[in-house]
Every structure is written in structure tokens, then in C-alpha cells.
Number of protein chains: 2
Amino acid sequence: MTRRAAGSGAGKRRGYHHGDLRRALLAAALRLLETEGPRALTLRAVARRAGVSQAAPYRHFADKQALLAAVAEEGFRAMTEAMRRATTEHPDNPLGRLHALGLAYVGFASGHPSHFRVMFGREIADRSAYPSLGAAAQEAFALLLEAIADCQRAGFVRPGDLEELALSAWSIVHGLSALLVDSQLHGLQEKGQEHLAQTVTQILFLGLGPRQP
Amino acid sequence: MTRRAAGSGAGKRRGYHHGDLRRALLAAALRLLETEGPRALTLRAVARRAGVSQAAPYRHFADKQALLAAVAEEGFRAMTEAMRRATTEHPDNPLGRLHALGLAYVGFASGHPSHFRVMFGREIADRSAYPSLGAAAQEAFALLLEAIADCQRAGFVRPGDLEELALSAWSIVHGLSALLVDSQLHGLQEKGQEHLAQTVTQILFLGLGPRQP
DNA sequence: ATCTAATGTTTACGATGTCAACAACAAAGT
DNA sequence: ACTTTGTTGTTGACATCGTAAACATTAGAT
């Protein structure tokens, strides 16, 4: 039984070879992650979902970790994209841009919790083994740095070590995201992710801002 | 071969029964976690470490998750304890107390990264199945709430919804902790955890504080 | 001393990550 | 056109894992 795609109408499986298994595996992995959760994300299940045999993924990924790393990298790209989109709505207002960045970060996290967890979680043991992962993450951080630098120039943010200010901003949105994603906020959760993000970024801005008269 | 502890000099295994397996299992789990990392934390390895058979843990924990939940709960207790200790050094200064709380939080995270990850990570799928876990976590949060309320009364923190202010504080220290623990800070890491914690809490205080003249 | 509940042990099953040996195809050289 | 060769999938196997069932040993109550 050579397991050809039954209909093949949607151009799914043309024959013995898949055509674009790598992409299909990534898609299947992400789908599994979002629908069944991280525990269901097994290499064999991914292969099943993609309609190939259990060992097929090894032609495209060294091991499970490598698959996960690729999924995470995709996540960072998507998040960066979402953040970039958010900033374009405030072409002339640096502080609005920074605000939008923070909201987009939290929004992505609570919109794609499983993806977010793979991006930052410990399933990937040695991140340094996947340099392109780090690069993708760095890109998101770069957006933040840029936005804060703009705010400094415009006088919305006090002078000081740019990286340290950015770290504070990153920490607060990342912390809220992590707490939301791990549903650690029982009582507060019901106030709505959006409202909490507003509250938290508000405090952040007061902290970053110059002395008020 | 009935597998009695060879020397039994240290009172480890007195006979067929262990005496305090539950505690021994928790200790073994924690040890494995800190020395070999989360991937090495398998039920069988824990049992091996404790010198019992693979199925013995099931007499004390329903399944692996329950063991993990117990480890996490222990972690929350330890963290709460560390935080409480930190506050006692500032009996008369609410702001100093809040500051110490934050530093203790970050300190615990970077001092026990694996433990911290179990406490907040998603290895425990359904946290609501372990109410005492939530209770232990709540206790740490209560410390924060109390400290911030004190600061409000003393005029160090602006008036406003206590829970939302606390969430901001929690978010920023938790975010920094998570980023540190997941070694996501490549360049910044070398500035030292202590310094970063100082920086971040500084920004937080400026944000929480009343309008400055 | 005997009975009983608690605590450990053996053995077994299905699922998983991964590897080695094999099979089918695509592209390139002749 | 025919062969060669490298790429991509498949099969089958192995060790390990979580977990359950059946059994053994012990501590404590009676």
C-alpha cells in the first residue's frame, strides 16, 4: 500500500515525494500546537498530520528540537511582523509607536499562547545551536530599541542607557505576557487582556518618562 | 535480589519500606532538575535516584504531573520564604521593602532557574487540578500586594487600583526573571543579574511613584 | 499472633525519539 | 533513451518513557 493521497484534488500529495514537506511539517506542527497543545506535539503526530511516515521528518530536521526551533523562529517572524504593522499606525508619534509595540507584543502572546511558549520556553535546550532563531528574536528587540531611541530624541523618554531602558520595557510586557499565557492571573484575567496591557504599559511610560512638572 | 541499601550507614534505606519516600522523591526530583535539567526529570530517573523501583512513586503521586506540581509548590514556598526574609531587613521602610521583594524574586529565579521554570512553565497542564499549588503562588503575590499597599499609605506609590499596580510590579520582575532564566538576553546578561534587577526596579518605582515636583 | 492496609516490586503494554537498511523518484550525464 | 546518482520517503527495529495490573513485604491494629 503506497499511500497516495486519495483525491489529490487539492494538490496535496502528488506521489511518492511530497513536494514541500518541510513547509507542510511546520504547518502541521503549528496546527497541532494551537489545537491540541504542546503535549500533543510529537514528531510522529506531525508526520501523521502531514501524511508521511514517522521517519520522513528526519530528512528535513535533524531532530525534534530542530523542528521546534524552526517553529519558534517562525513565531518570532510573525510577532515581529505584527509589531511592525502596529507601529505603522503612528507614523508621526514616537510614544504612540512604543505603546503600539507593547500592545502588539502582549496581543501576540495571548493570541498565540502555545506558539509563544515554544518561542520562549525550555523545550529547546540549547538555543545557541540555532543561530537563526536568535537572529529572529533580535529583530523584534531591535524594533523596541529603535522606538525607545525615537522617544528619547523626542523627549518622551528620559536620557540614559538605551539597552537598559529597553530591557525594562521588554521585561514588563514579557512578564505580563508570560503570566497571561500561563494563566497565572486567576482573578485579574477577567479584566481582559487588553485592559491589563493598557494598565501595565501606562505604568511603564510613567517610569520611563522625564520628570513631570 | 531484594536490593537493600548496601551500607545503610547513613540510614538511607532501612529495608523493604523506605520510611519517607515522598520526601525522598521530591528531593531527588529537585536535584535532578537542578543538575541535569528538565529533560532528565523522568519519573523512572527520580525513582532510581531514590533507590526504589520505577512504579514506587505511584504510591505517593498520582502521576508525573502530580510530582511536578508538588515540586512547583515547594518552589513557591521557598520563594515566598526568601521574599519574606528579604523584607525583614527593612522593618520601617515600605519602599525599601518593596524593592527587596523585587530583588528577591529575580534572585530566586536566577538562583534556581530549573525550579523557577517548573513553577511557571507549562509542564503542568492543568494547574486548577492542584489547588494547593495555586494557594502557594497566591501567598507570594499577597506579599507584593501588602508591600504596595504600605507604600501607597506612606505616599511612595500613587493611589489607584491596588491589584493593577501590583500586576505591573509583578510583570516587570517576572518578565526580567523569565528572560534571564531562558537566557534570552545575550548581550545584556554580562551586566550581571543584580545590576539588571536594580535598573528595572528603578524604572518601576518611577512609574509607580506619585508625580514628582 | 493474626489480619489488614500501606507501601514496594515485577512484569507488561503502548507511545515516543531515533537510527539503519531499503525503495522510489528527479535530474544530470552519457 | 538509458543509466547513474543524490534526494526524499518508507519499513522495521531499539531503548526509554509513563503507566497499569498482579503480586510481595511490611507495619500496626486487634
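Lettering of chains follows the sequences in order, A, B, ..., and the numbering in each one begins at 1. Given the structure is predicted, the values throughout are model-derived calculations rather than measurements.
Side chain of B/E163 to main chain of A/G187: no donor-acceptor pair is present (N/O by atom type, distance under 3.5 Å, no hydrogens or angles). Without hydrogens or angle criteria, A/Q152 side chain to A/G160 main chain gives a donor-acceptor distance under 3.5 Å. Of the possible polar contacts, none joining the A/R97 side chain to the A/T88 backbone as a donor-acceptor pair under 3.5 Å is found. Between the side chain of A/R117 and the backbone N or O of A/V181, at least one donor-acceptor pair lies under 3.5 Å.
Residues A/Q198 and A/H99 are in side-chain contact: their nearest non-hydrogen atoms beyond the backbone lie under 4.5 Å apart.
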Q) A/K191 and B/D161: side-chain contact (heavy atoms from CB on, under 4.5 Å), yes or no, with the steps? A) CA-CA 12 Å; A/K191 296 197 179 183; B/D161 185 310; 3.0 Å; yes
Q | Pair B/E164-A/H195, side chain to side chain donor-acceptor pair (under 3.5 Å): steps then yes or no | A | CA-CA 10 Å; B/E164 293 185 355; A/H195 174 72; 2.7 Å; yes
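Once rounded to the nearest 0.5 Å, the distance linking NE2 of B/H60 with CG of B/L26 reads 10.5 Å.
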All N/O contacts under 3.5 Å from nucleotides 6-8 of chain D to the protein, with atom names and distances to one decimal?
{"residue": "D/dT8", "atom": "O4'", "partner": "A/H17", "partner atom": "NE2", "Å": "3.4"}

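Shown for residues 22-40 of chain A: no residue has heavy atoms falling under 4.0 angstrom of DNA chain D. Within residues 61-68 of chain A, the residues having any heavy atom under 4.0 Å from DNA chain C are, by residue number, A/D63, A/K64.
Side chain to side chain, A/E74 and A/H115 fail the donor-acceptor criterion of an N or O pair below 3.5 Å.
Dashed line: the shortest gap from a side-chain N or O of B/T42 to OP1 or OP2 of D/dT16 is not under 4.0 Å.
Checked against C/dG17, C/dT9, D/dG18, the side chain of B/A56 finds its nearest nucleotide in C/dT9.
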